[in-house]
Amino acid sequence: MALLQQLKSQFVCQMIIWYVFLVSGLIINLLQICTLPLWLVSKQLARRINIRLGYCISSQMVAALEWWSGTECTLYTDPKSYPLYGNENAIVVLNHSHEIDFLCGWTFCDRFGVLGSSKVLAKKELSYVPVIGWMWYFLEIVFCKRKWEEDRKTVAQSLQNLRDYPENYWFLLFCEGTRFTPKKHQISMQVAESKGLPKLKYHLLPRTKGFWITVQNLRGTVAAVYDSTLNFRDNEAPNLLGILNGRKYHADLYVRRIPLELIPEDEAECAAWLHKLYQEKDSFQEHYTQTGRFPGPIVSPPQRPWALINWLFWACLLLYPLGLLLAQLISTASIMTILASVALCSAVSVGVRWMIGQTEIDRSSSYGNKEVSSKQQLKTPDLLRAASLHRYLYASCVNTHLAGLVQQVQPCFKAQCSLNLMLYSRSSR
Ligand SMILES: CC/C=C\C/C=C\C/C=C\C/C=C\C/C=C\C/C=C\CCC(=O)SCCNC(=O)CCNC(=O)[C@H](O)C(C)(C)COP(=O)(O)OP(=O)(O)OC[C@H]1O[C@@H](n2cnc3c(N)ncnc32)[C@H](O)[C@@H]1OP(=O)(O)O
Ligand SMILES: CCCCCCCC/C=C\CCCCCCCC(=O)OC[C@@H](O)COP(=O)(O)O
């Protein structure tokens with residue numbers, strides 16, 4: 001066992017995994033380009049082909065997690081909801097604190113048969129990542145710049161395109177918008193305080209616009225929101241390099257199925273609903289910290305062999321030509337070919353390091369890192385600020401179960417907020 005573990009961390013094993021992933025990925029990206037003319041003839045057929053091509057790439061990472069590192073993924077959920085998973089379209093809301101959270105998400109997608117078709121609201125920067133980012137373009141992944149003024153149109157349009165998607169999919173939303181760091185947490189809690197919202201211990205304050213626009217544009221085609229909370233046992237801090245080194249982690253995922261009809265249509269009410277959801281998620285994390293488990297029964301889906309079979313197929317296909325190439329290089333070794341090979345390998349390893357960097361929290365973006373000064377808050381036009389204040393006062397009321405009452409007095413409450421705020425803004429200029 002220890003020998004096998006040692007073998008997994010050997011450089012040559014890592015090289016083989018990377019070689020298979022990169023070369024097969026680029027071949028699949030090329031095949032995806034070849035499907036472009038088909039989009040004009042039969043869009044649905046092109047989509048179905050791309051789902052399968054996409055599976056060939058993403059399932060390799062699932063294979064690394066499940067079969068190489070042996071990571072255990074446990075699902076806590078209501079057994080009544082379980083049969084619906086994979087058999088309907090859903091919006092998945094997931095916390096964003098771990099470097100491999102997306103990969104655990106992919107594992108569950110694979111187990112429920114929606115890995116090739118799964119979607120995410122992803123930051124635009126990820127579309128430039130070779131293999132994965134390029135694959136996403138063909139899978140109609142929704143990209144955002146995290147600048148609402150630019151995103152509101154493009155994101156809505158991309159979501160509308162998914163309305164006639166031919167296979168079941170899960171649409172993943174990291175509503176926190178960025179990965180958890182202590183600094184981002186501190187700043188987002190300042191924002192929460194300024195908006196009169198309760199503080200969260202384990203989450204950043206969720207950004208509500210992406211959730212609202214997703215629910216609004218997918219209503220009628222998506223059946224439910226899967227509120228998902230992920231954690232790792234024994235304070236493990238898993239990362240991609242650990243997985244590639246064959247290190248085993250223990251992921252626990254708690255999923256609640258919430259029918260889409262229960263989510264308010266109005267933007268302010270929807271935002272308040274999401275804030276309340278994150279307060280509940282925070283309490284589940286607290287429960288996990290105290291007891292080492294999530295509430296409810298464990299109903300884990302079985303592991304499937306397809307990810308491993310796919311990897312073995314590509315390995316067989318690509319390792320033989322690599323062997324031939326190496327043999328030829330050694331037998332006809334000239335100084336030029338050796339130098340060229342070393343230069344190529346160095347360039348590839350820099351690229352690989354950059355790709356791994358995309359998953360590392362230490363290299364996380366500065367989004368959510370900047371203090372929001374009170375001056376900046378006052379720059380917002382009066383009416384916008386008034387609407388925003390109203391929204392969050394409303395959110396607090398929903399959280400204290402006063403929603404019904406507020407709804408009745410809403411018009412008068414809104415006007416009062418606007419007036420108060422205008423007076424406040426003018427007096428502070
Ligand atoms: C059964 C099993 C179930 C489940 C299995 C689990 C999962 C599997 C499912 C699917 C898998 C599929 C794919 C996964 C594969 C890979 C995924 C990998 C990665 C991609 C992830 C990302 O890229 S995350 C980053 C991009 N995504 C998002 O940002 C989404 C959330 N963001 C939003 O919704 C934003 O609103 C926005 C992006 C739409 C717009 O952002 P913008 O910043 O422009 O506007 P905001 O309105 O958000 O911000 C302004 C308001 O925010 C206030 N503010 C200011 N500072 C802060 C702060 N620090 N924190 C919080 N709020 C802040 C500010 O005051 C403004 O307030 P207003 O009152 O004006 O609203
Ligand atoms: C056989 C397996 C081979 C394994 C090789 C795998 C190589 C994969 C390399 C790169 C994968 C790129 C996919 C990256 C997905 C990263 C998800 C992520 O977490 O994005 C962060 C984003 O939410 C928020 O960003 P910030 O926190 O604001 O910054």
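Positions are given from 1 along the sequence. Counting starts at 1 for both ligands and their atoms, following the listed order. Worth knowing before you read on, the calculation uses all heavy atoms, side chains too, and leaves out hydrogens, waters and symmetry mates.
- Within ligand 1, counting atoms from 1 as listed, the ones closer than 4.0 Å to a heavy atom of L121 are 22 (C), 26 (C), 27 (N), 30 (C).
- Close N/O approach between R146 and ligand 1 is found [any backbone or side-chain N/O within under 3.5 Å].
- Of the polar atoms of V191, none of the N or O atoms is found under 3.5 Å from an N or O of ligand 1, judged by distance alone.
- When only interatomic distances are considered, the shortest N/O to N/O separation between Y226 and ligand 1 does not fall below 3.5 Å.
- E236 and H250 share a donor-acceptor pair across their side chains, judged by distance under 3.5 Å alone.
- For the pair K195 and ligand 1, a heavy-atom separation below 4.0 Å is found.
- Geometrically, ligand 1 and K123 share a nitrogen or oxygen pair separated by less than 3.5 Å.
- A distance of 9.5 Å separates NZ of K183 from NZ of K370, quoted to the nearest 0.5 Å.
- Annotation: R207 places an N or O atom under 3.5 Å from an N or O atom of ligand 1; distance criterion only.
- Checking W106 against D110 by side-chain atom types alone, no donor-acceptor pair falls below 3.5 Å.
- If you check the side chains of T77 and Y226, you find no donor sitting under 3.5 Å from an acceptor.
- Taking a cut-off of under 4.0 Å to the non-hydrogen atoms of S118, the atoms of ligand 1 that pass are 12 (C).
- Close approach of ligand 1 to K147 is summarised as follows: ligand atoms under 4.0 Å from at least one heavy atom of the residue are 44 (O).
- Ranking the protein heavy atoms by distance from atom 12 (C) of ligand 2 puts V129 CG1, 4.1 Å first.
- The nearest non-hydrogen atom to atom 1 (C) of ligand 1, considering only F102, W170, F108, comes from W170.
- Across R179, R363, R146, heavy-atom proximity to atom 18 (C) of ligand 2 is greatest for R179.
- E269 places no side-chain N or O within 3.5 Å of a backbone atom of E265 that could act as its donor or acceptor partner.
- W273 and F211 have their aromatic ring centers within a separation under 6.0 angstrom.
- Using modelled atom types and a 3.5 Å distance limit, the side chains of H203 and N95 yield no donor-acceptor pair.
- Short contacts between ligand 2 and S364, defined as distances under 4.0 Å to a heavy atom of the residue, involve ligand atoms 26 (P), 27 (O), 28 (O), 29 (O).
- Of the protein's heavy atoms, S365 N, 2.7 Å lies nearest to atom 29 (O) of ligand 2.
- Checked against the 6.0 Å centroid criterion, the rings of H185 and F180 qualify as a close aromatic pair.
- Residues forming a side-chain hydrogen bond (donor to acceptor under 3.5 Å, both in side chains) with Y288 (at least two apart in sequence, or on another chain): D252.
- Under 3.5 Å, the side chains of E140 and S158 contain no donor-acceptor pair of N or O atoms.
- Note on ligand 1: K145 sits outside its first shell, no heavy atom being nearer than 4.0 Å.
- Checked against a 3.5 angstrom limit, the closest N/O atoms of W148 and ligand 1 fall inside it.
- The shortest separation from a heavy atom of L204 to ligand 1 is not under 4.0 Å, leaving the residue out of contact.
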Check step by step if salt bridge (charged side-chain N to carboxylate O under 4.0 Å, His left out) holds for K199 and E193. CA-CA 7 Å; K199 291 206 173 153; E193 199 176 0; 3.6 Å; yes

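- In this structure, of V255, N369, D101, the residue bringing a heavy atom nearest to atom 3 (C) of ligand 1 is V255.
- Against a heavy-atom cut-off of under 4.0 Å, L172 is close to the following atoms of ligand 1: 9 (C), 10 (C), 11 (C), 12 (C), 14 (C).
- The residue E99 has no part lying near ligand 2, judged by heavy-atom distances below 4.0 Å.
- The distance criterion of under 3.5 Å between nitrogen or oxygen atoms is not met by L253 with respect to ligand 1.
- Under a cutoff of 6.0 Å and an axis angle of 45°, K281 and F284 do not form a cation-pi pair.
- Ring pair F112/W170: centre-to-centre distance below 6.0 Å.
- Judged by distance alone, the side chains of T74 and R233 do bring a donor and an acceptor atom under 3.5 Å apart.
- Here atom 16 (C) of ligand 2 lies nearest to F102 when heavy atoms of W106, W311, W354, F102 are compared.
- Atoms of ligand 1 lying under 4.0 Å from any heavy atom of C109, numbered from 1 in the order shown and given with element: 8 (C), 9 (C), 10 (C), 11 (C).
- Considering backbone and side-chain atoms together, W136 places no N or O closer than 3.5 Å to any N or O of ligand 1.
- The closest approach between any non-hydrogen atom of Y367 and ligand 1 is below 4.0 Å.
- Contacts between W18 and ligand 2, counted as non-hydrogen atom pairs separated by less than 4.0 Å, involve the side chain only.
- Using modelled atom types, one finds a donor on one side chain and an acceptor on the other under 3.5 Å when comparing S364 with K184.
- Residues D282 and Q279 bring no donor and acceptor atom of their side chains to less than 3.5 Å of each other.
- Ligand 1 has no nitrogen or oxygen under 3.5 angstrom from a nitrogen or oxygen of T208.
- At the shortest separation from atom 24 (C) of ligand 2 among protein heavy atoms lies H96 NE2, 3.8 Å.
- Counting only heavy atoms of the protein, atom 13 (C) of ligand 2 lies nearest to I132 CG2, 4.1 Å.
- Using modelled atom types, one finds a donor on one side chain and an acceptor on the other under 3.5 Å when comparing K119 with Y165.
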